[in-house]
Protein chains: 2
Amino acid sequence: MRYSRQRELIANMLKNRKDHPTADMIYASAREIEPNISLGTVYRNLKQLSEEGTILTLETQDKKIHYDGDVSRHSHFLCDKCGKIIDLFQPAETPKELNQLGLVVSSEKCVYYGICPDCQK
Amino acid sequence: MRYSRQRELIANMLKNRKDHPTADMIYASAREIEPNISLGTVYRNLKQLSEEGTILTLETQDKKIHYDGDVSRHSHFLCDKCGKIIDLFQPAETPKELNQLGLVVSSEKCVYYGICPDCQK
DNA sequence: TCGTTATCAGTAATGATTACTATTATTATA
DNA sequence: TATAATAATAGTAATCATTACTGATAACGA
């Protein structure tokens, strides 16, 4: 993969913020620094960076993909009402500790990613 | 919520199958029994049923929502290559046990849902 | 049985994401 | 350092899963 100023900008922006922005939010921020960057470029690079493992994705109920520049091991809390995303770093991931953070948890979704036995052949 | 033949059909179909179909897959199956059911009806009812907690959703990388009629506590394995979804019932959710199932796990995503402190006020 | 209204079928609209194309920028190599 | 090969880009059009809309139908309490 070749170097590109646009990709570097996008990656750095994600590393320097603690929220979980969508593509259009990143596009808006990137425009302030690189006024001619296009939305397609943002999408393409977000896809590349996430496939590389440089950033993470978070598929939520709002039909938009949220991106996370923090690839350290942590989970997320998603508010069913306002859609807010809260980082959960260990060891705050037991029902007790979640309650102590003031979070009322109603459900939990855990997904593992990798290669299945069929595709390993 | 009123009774509807269409909603009952959709719910029953999901309860009776062990895969994780998308809306259009459910639409196709439903058409075989209820030939005039519309795609909009399928989407509307899937949304209602999942908001109720009768069924679960699984947001994957393929941009389609997958539905699961099994609401018992379990996780999922998602193959990065073929997109296959595999149910993981406890206690098969430790790295060791996942390996014993022949699954090479490269990453893991855990999300909790509920109401955040702000929205509880 | 009747009135209210949730639900439906069918279709149009939405909107996030991807594809396309001519141009520009990176990088390996002479 | 100049050059050729080709990723990557900006700008725009297309895709397609999902939602919204509308007039007709069906559930169900009174």
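A, B, ... follow the sequence lines: proteins, then strands. Residue 1 opens every chain.
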*Pair A:Glu59 + B:Lys109, salt bridge at N-O below 4.0 Å*: yes
*asked:* Any carboxylate oxygen within less than 4.0 angstrom of a Lys/Arg side-chain nitrogen, looking at B:Lys84 and A:Asp118?
replied: yes
What is the distance, to the nearest angstrom, from the [atom1] atom on [X] to the [atom2] atom on [N]?
| X | N | atom1 | atom2 | value |
| --- | --- | --- | --- | --- |
| A:Lys64 | C:dT18 | NZ | P | 15 Å |
| B:Lys63 | C:dA19 | NZ | P | 8 Å |
| B:Gln61 | C:dT18 | CD | C1' | 16 Å |
| A:Met25 | C:dA16 | CE | C1' | 15 Å |
| B:Ile65 | C:dA16 | CD1 | P | 14 Å |
| A:Gln6 | D:dA8 | CD | P | 11 Å |
| B:Leu39 | D:dA17 | CG | C1' | 9 Å |
| A:Glu34 | D:dG11 | CD | P | 11 Å |

_Centre-to-centre under 6.0 Å for B:His76 and B:His66, is that the case here?_
no
*asked:* With the threshold set at under 4.0 Å for non-hydrogen atoms, list the residues of residues 42-49 of chain B touching DNA chain C in residue-number order.
replied: B:Arg44, B:Asn45, B:Gln48
Exam field: side chain [X] to backbone [Y], donor-acceptor pair closer than 3.5 Å:
| X | Y | result |
| --- | --- | --- |
| B:Lys64 | B:Thr22 | no |
| A:Arg7 | A:Leu46 | no |
| B:Gln120 | B:Ile115 | yes |

*Quick one: on DNA chain C, does B:Arg7 or B:Pro35 contact a more 5' nucleotide (nearest heavy atom)?*
B:Arg7
_Check this one for me: any side-chain N or O of B:Thr41 less than 4.0 Å away from OP1 or OP2 of C:dA9?_
yes
_side chain to side chain donor-acceptor pair (under 3.5 Å) between A:Arg17 and A:Ser29, worked out_ = CA-CA 11 Å; A:Arg17 50 198 289 177; A:Ser29 304; 3.2 Å; yes
_With a 6.0 Å cut-off (strictly less than), is the heavy-atom count around NZ of A:Lys15, excluding the residue itself, greater than 12?_
yes
*Reading nucleotides 22-30 of chain D from the 5' end, what letters show protein touch, with B for base, S for backbone sugar-phosphate only, - for no heavy atom under 4.0 Å?*
----BBS--
*Flag the pair A:Met25 / A:Asp19 as yes when at least one side-chain heavy-atom distance between them is below 4.5 Å, and no otherwise.*
yes
